[in-house]
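These numbers were taken from a predicted model, which means no experiment stands behind them. When a residue number appears, it is its place in the shown sequence, counting from 1. Only heavy atoms go into these numbers, but all of them, side chains included; no hydrogens, no water, no symmetry mates.
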Amino acid sequence: MGFSRMDCQFPSHGDKCSAWLYLPDGAVKPPLVVMAHGFGGLKNCGLEPYAELFAEHGLAVLLFDYRGFGESEGTPRQLISPRRHVEDYHAAVAWARGLKDIHSEKIALWGTSFSGGHAIVAAAQDPKIAAISIQVPFVSGIASATPIVIQNGPKYFFKAAFSAFRDLWRAATAREPYLIQIYGAPDEFAILNTHDTKAGYESLIPPGLEVENATPGRIFLTLVLYRPLFVAGRVKCPALVIAGEHDSLIPIKSVKKAAAKMKRAELISLPIGHFEPYLGETFNQVSKKQLDFLKTHLL
C-alpha cells in the first residue's frame with residue numbers, strides 16, 4: 001500500500017508544533033499512530049522509516065517535533081521538558097481527533113527512549129488511547145542517572161547541579177538559558193555520555209542536517225524527578241514494551257518494573273543497545289514486532 005505525506009501544524013499551549021501526517025492510500029478513516037522522538041531528537045532523525053512502514057500497512061501516522069525543536073514554535077529553544085513534551089502529545093492527539101479522515105477512537109502512541117516515558121504518562125492520563133508501543137523507554141530518572149553519575153564520579157554530579165541552578169537563575173532573571181551538551185563522549189561533560197551515546201546520536205542525523213547539541217541546564221533537575229514508572233499502573237490499554245539488554249542509558253530492570261505494572265503489557269527483551277532499534281537488522285526485527293502489535297489492536 002502506498003501513502004502520502006503532508007506538512008502540517010497543530011496548536012499546543014499557544015504555539016504550533018511542526019508535524020508530518022502520513023495517510024495510507026485508499027484507506028477509509030484509518031487508525032492513527034502519534035509519534036515523537038526521544039531526548040533532544042527531531043522527527044527526521046531516524047523515525048521516518050518507522051512512520052513509512054506503518055503507513056505502508058494501512059496506519060495513518062502523525063510524526064511531530066516538540067515545542068522549541070526543529071520547525072516547531074516555542075521558547076526557550078531546545079528546552080527538554082517532560083511536562084511540555086507530554087502536553088504536546090496530548091495536543092497532537094486532540095488535533096488528530098478532529099480530523100475527518102482519521103478514526104478518532106483508534107489512536108495509538110509510539111515512543112522511543114525519552115518519549116517512551118511520555119507515551120506511558122500520556123496514556124495514563126488519557127483512557128481513550130487505544131494502544132502504546134514503546135522501545136528502550138525511559139521510565140525512571142533516578143535509575144538512568146545513577147550509572148552515569150557513577151561512571152563520571154562526584155565531580156560530574158556537582159557540575160550538573162551547578163549547571164541546573166545557573167540556568168534556573170538565568171531564567172528567573174529573564175536572561176538567555178545556560179546551555180549544556182545533550183550528548184558527548186565519555187570524557188566530555190554532557191547529559192548523556194556513555195560509551196555508545198555520541199556515535200549513536202550521530203548515526204541518526206541525516207547528512208547535511210544541522211542539529212544543535214545543546215539544551216538548558218535545568219533538565220538535570222527535571223530529569224531526575226521524572227518517573228513514568230510511578231504512573232505505569234494507570235495504563236489500561238494494550239502496551240508493547242521493547243527493552244534492550246545491553247542498553248547503556250536505560251537499565252532493563254527498571255523497564256521490566258514498568259511493564260509489570262501495566263495491566264495489558266507485552267514485554268520483549270532483546271540483546272541490543274540503546275541506539276540499535278533505528279538501523280539495520282535490528283530495525284527490521286523491532287519494527288515488524290511493532291507493526292504486528294499495532295495492526296492487531298488498531299485494524
Side-chain angles (χ1 to χ4, degrees), residues 1-12 16-38 41-66 70-72 88-113 115-116 118-119 122-123 126 128-135 137 204 206 237-242 264 266 268 277-299:
M1 182 181 293
F3 64 88
S4 60
R5 190 186 86 179
M6 63 186 74
D7 295 331
C8 58
Q9 294 179 322
F10 61 85
S12 180
K16 293 179 180 177
C17 289
S18 173
W20 290 325
L21 179 63
Y22 295 76
L23 293 173
D25 294 343
V28 178
K29 295 182 78 68
L32 177 78
V33 182
V34 175
M35 303 176 58
H37 220 312
L42 302 178
K43 63 181 185 293
N44 53 348
C45 292
L47 299 193
E48 290 168 272
Y50 281 99
E52 292 169 0
L53 176 69
F54 299 157
E56 287 170 351
H57 288 82
L59 302 172
V61 177
L62 183 64
L63 173 56
F64 72 92
D65 281 332
Y66 305 112
E71 296 179 353
S72 293
D88 292 344
Y89 260 98
H90 284 307
V93 170
W95 181 79
R97 283 176 174 151
L99 297 175
K100 60 181 179 60
D101 295 328
I102 296 298
H103 194 314
S104 62
E105 295 181 2
K106 289 189 175 183
I107 294 180
L109 305 181
W110 184 97
T112 182
S113 189
S115 65
H118 304 338
D126 185 351
K128 294 183 179 179
I129 294 299
I132 63 171
S133 176
I134 55 179
Q135 61 183 26
L204 303 180
C237 65
L240 176 64
V241 182
I242 296 178
R264 303 167 64 187
E266 175 189 356
I268 297 176
Y278 308 95
L279 303 167
E281 183 53 38
T282 303
F283 165 77
N284 294 334
Q285 181 183 12
V286 169
S287 62
K288 184 182 185 303
K289 293 181 183 297
Q290 294 174 353
L291 176 63
D292 291 343
F293 168 82
L294 292 169
K295 289 171 67 176
T296 296
H297 295 287
L298 295 180
L299 291 177

Flag, side chain of K29 to backbone of K100, donor-acceptor distance under 3.5 Å: yes
For the student: nearest non-hydrogen atoms of A108 and L294, plus distance: CB-CD2, 3.9 Å
Partner set under ring-ring contact (aromatic ring centres under 6.0 Å, His included) for H90, not counting sequence neighbours: none
Under 3.5 Å donor-acceptor, S12 side chain and A91 backbone: no
Y50 side chain to T112 side chain, donor-acceptor N/O pair below 3.5 angstrom: no
H37 side chain near L63 side chain, heavy-atom distance below 4.5 Å: no
Side-chain donor/acceptor of S133 to backbone N/O of W110, under 3.5 Å: no
Pairwise distance CD1(I129) to CD(E105) - rounded to 0.5 angstrom: 12.0 Å
Side-chain (K106) to main-chain (L298) donor-acceptor, under 3.5 angstrom: yes
Beyond-backbone contact of P31 with L299, side-chain heavy atoms, under 4.5 angstrom: yes
Residue pair I107 / V34, side-chain heavy-atom distance below 4.5 Å: yes
Heavy-atom side-chain proximity of I268 to L240 below 4.5 angstrom: yes
From CG (L109) to SG (C237), nearest 0.5 Å: 7.5 Å
E266 side chain near V241 side chain, heavy-atom distance below 4.5 Å: no
Side-chain heavy atoms of W95 within contact of C8, under 4.5 Å: yes
For F283 against P49, the heavy-atom pair lying closest together: CZ-CB, 3.6 Å
Side chain D65, main chain K43, donor-acceptor under 3.5 Å: yes
Minimum heavy-atom distance between L62 and L32, given as atom pair plus value: N-CD1, 3.6 Å
Close side-chain approach of C45 to P206, heavy-atom, < 4.5 Å: yes
S113 side chain to P137 backbone, donor-acceptor under 3.5 Å: no
Distance-minimising heavy-atom pair for M1 and A55: SD-O, 4.3 Å
Gap between atom CG of L291 and atom CG of L59 - 0.5 Å precision: 6.5 Å
Those residues that, when tested against R97, pass salt bridge (charged side-chain N to carboxylate O under 4.0 Å, His left out) (two or more places apart): D126
Counterpart residues, ring-ring contact (aromatic ring centres under 6.0 Å, His included), relative to F64 (two or more places apart): F10, Y66, Y89
Residues that N44 engages under side-chain hydrogen bond (donor to acceptor under 3.5 Å, both in side chains), provided they are two or more places apart: none
Pair K16-E71, salt bridge (charged side-chain N to carboxylate O under 4.0 Å, His left out): steps then yes or no: CA-CA 9 Å; K16 293 179 180 177; E71 296 179 353; over 6 Å; no
Pairing residues for Y22 by the ring-ring contact (aromatic ring centres under 6.0 Å, His included) criterion, not counting sequence neighbours: F3
Between CG on residue L23 and CD1 on residue I102, distance to nearest 0.5 Å: 5.5 Å
Minimum heavy-atom distance A36-S115, with the two atoms named: O-OG, 2.9 Å
Considering all heavy atoms, the nearest G58-P30 contact: O-CB, 3.6 Å
Minimum side-chain heavy-atom gap I242-Q290 below 4.5 Å: yes
Pairs involving residues 288-299, ordered by first then second residue, that meet salt bridge (charged side-chain N to carboxylate O under 4.0 Å, His left out) (sequence neighbours left out): K288-D292
